[in-house]
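Right, one structure below, let's go through it.
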Amino acid sequence: MGDWTARLLPVLEACGVGGFDVLGISAGAPYAYALAAGLPERVRRVWVLSGLPYVPDVAVRGRYPEEAEPVWTFYREAPEAEVVARFAGAVERMAEVFAASPSTLAALPRPAAHGWRGPAREVRLQSRPWGCVPGEVAQPVRLWHAPADQEVPFPAAEATAALFPAARLTEQAAPDHIPSEATVGELFAELRAVSL
């Protein structure tokens, strides 16, 4: 994930982007952190909604239910083909998890069309060292997370926030992993306020 900065830098240069804020949602959070750590002179602030915690850290993973550790170990150590097969076998479960999110449900056929290689690659990256650590992110980090999130336990989000030098975590109003409209509204209100 630390390679993300080098891949994005030519795009930023071509578009003439100077200083900017970065937003990560769910599994996009590690990429937002990697950009902040890799471009400290350009990334002003980091905003995270329902972010993936820093799961390479055993103490953060310890905030998940006990049965999650063998799953993280599988994602970290299993051959990619086995991880792909697990995703392919979990289609019905994903449909249940995202039943309340029509946009997410509508997006599920895309990774399926590519044999689930994208999600398998991502979860393998997420469970291994990210190429940056939270302590390297000096910028302000603003996080929202739902206490009842079934995908990412709130205590893991709290433990991750504690690893950043300048982080503030707010309980997201809606009790699930998908950010609520109210939370998105709060984020944009704060973005406007700091941009003025």
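The shortest non-hydrogen separation linking Ala157 to Pro53 is N-CG, 4.3 Å. A pairwise comparison of heavy atoms in Ala36 and Val137 identifies CB-CG1, 3.8 Å as the closest pair. The two residues Cys132 and Ala34 make their nearest non-hydrogen contact at SG-CA, 3.6 Å. Minimum interatomic distance between Pro165 and Pro134 (heavy atoms only, all atoms of both residues): CD-O, 3.7 Å. Of all the heavy atoms in Ser127 and Val55, the pair that sits closest is CA-CG2, 4.2 Å. Of all the heavy atoms in Ala6 and Pro10, the pair that sits closest is O-CD, 3.2 Å.
Atom CH2 of residue Trp4 and atom OH of residue Tyr33 lie 16.0 Å apart, to the nearest 0.5 angstrom. Of the inter-residue distances, the one linking Phe164 atom CZ with Leu169 atom CG reads 11.0 Å to the nearest 0.5 angstrom. Rounding to the nearest 0.5 angstrom, the gap separating the CG atom in Leu35 from the CG atom in Leu23 is 11.5 Å. Going from atom CG of Leu49 over to atom CD1 of Ile25 covers 5.0 Å, rounded to the nearest 0.5 Å. Interatomic distance, CD of Glu158 versus CG of Leu163, reported as 12.0 Å (0.5 Å rounding). Once rounded to the nearest 0.5 Å, the distance linking OH of Tyr75 with CZ of Arg124 reads 12.0 Å.
Side-chain contact check for Arg142 versus Val48: every heavy-atom pair is 4.5 Å or farther apart. Looking at Pro40 and Gln139, their side chains come closer than 4.5 Å, going by heavy atoms from C-beta outward. Within the 4.5 Å cutoff, no side-chain heavy atoms of Glu171 are placed close to those of Trp144.
Using modelled atom types and a 3.5 Å distance limit, the side chains of Tyr31 and Glu122 yield a donor-acceptor pair. In this model, a donor atom of one side chain and an acceptor atom of the other lie less than 3.5 Å apart for Gln172 and Ser50. Side-chain polar atoms of Arg63 and Thr160 form no donor-acceptor pair below 3.5 angstrom.
Under a cut-off of 6.0 angstrom, the local environment of CZ in Arg121 is sparse, with at most 12 non-hydrogen atoms contributed by other residues, nucleotides or ligands. Atom CZ of Phe20 is surrounded by more than 12 heavy atoms from other residues, nucleotides or ligands within 6.0 Å. Within 6.0 Å of CD in Glu181 there are 12 or fewer heavy atoms belonging to other residues, nucleotides or ligands.
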| field | Worked verdict on Gln126 versus Met1 for side chain to side chain contact (heavy atoms under 4.5 Å, CB included) | value | CA-CA 8 Å; Gln126 293 164 10; Met1 291 182 176; 3.5 Å; yes
| said: Apply salt bridge (charged side-chain N to carboxylate O under 4.0 Å, His left out) to residues Arg61 and Glu66 and explain how you reach the verdict. | reply: CA-CA 9 Å; Arg61 286 197 317 273; Glu66 188 176 324; over 6 Å; no
| CA sep, side-chain torsions, deciding dist, call: Arg117, Phe87, side chain to side chain contact (heavy atoms under 4.5 Å, CB included) | CA-CA 9 Å; Arg117 288 187 307 276; Phe87 270 92; over 6 Å; no
| Are Leu143 and Arg168 close enough, and set up right, to give a side chain to side chain contact (heavy atoms under 4.5 Å, CB included), and what steps lead you there? | CA-CA 6 Å; Leu143 306 101; Arg168 181 164 61 103; over 6 Å; no
| message | Using side chain to side chain contact (heavy atoms under 4.5 Å, CB included), reason through Leu191 and Phe188 one step at a time and then give a plain yes or no. | response | CA-CA 5 Å; Leu191 268 171; Phe188 281 108; 3.9 Å; yes
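With sequence neighbours left out, the side chain to side chain donor-acceptor pair (under 3.5 Å) criterion links Trp116 to no other residue. With sequence neighbours excluded, the residues satisfying side chain to side chain donor-acceptor pair (under 3.5 Å) with Asp149 are His145, His177. For the ring-ring contact (aromatic ring centres under 6.0 Å, His included) test, residues two or more places apart in sequence or in another chain that qualify with Trp130 are Tyr54. Listed by chain and number, the residues in a ring-ring contact (aromatic ring centres under 6.0 Å, His included) with Tyr64 are Trp72 (sequence neighbours excluded).
Under the 3.5 Å distance criterion, the side-chain polar atoms of Glu136 are matched with a main-chain donor or acceptor of Val133. Arg110 places no side-chain N or O within 3.5 Å of a backbone atom of Ala107 that could act as its donor or acceptor partner. Using modelled atom types, no side-chain atom of Thr183 and backbone atom of Pro179 make a donor-acceptor pair closer than 3.5 Å.
Evaluation of the salt bridge (Lys or Arg N to Asp or Glu O under 4.0 Å) test over residues 12-25, restricted to residues two or more places apart or in two chains, returns Glu13-Arg42, Asp21-Arg44, Asp21-Arg45. Residue pairs meeting the side chain to side chain donor-acceptor pair (under 3.5 Å) criterion with at least one partner in residues 76-93, sequence neighbours excluded, are Thr73-Arg76.
Cluster annotation: Val11 and Val43 are assigned to the same hydrophobic cluster (Ile/Leu/Val/Met/Phe/Trp/Tyr, side-chain heavy-atom contacts under 4.5 Å, transitive).
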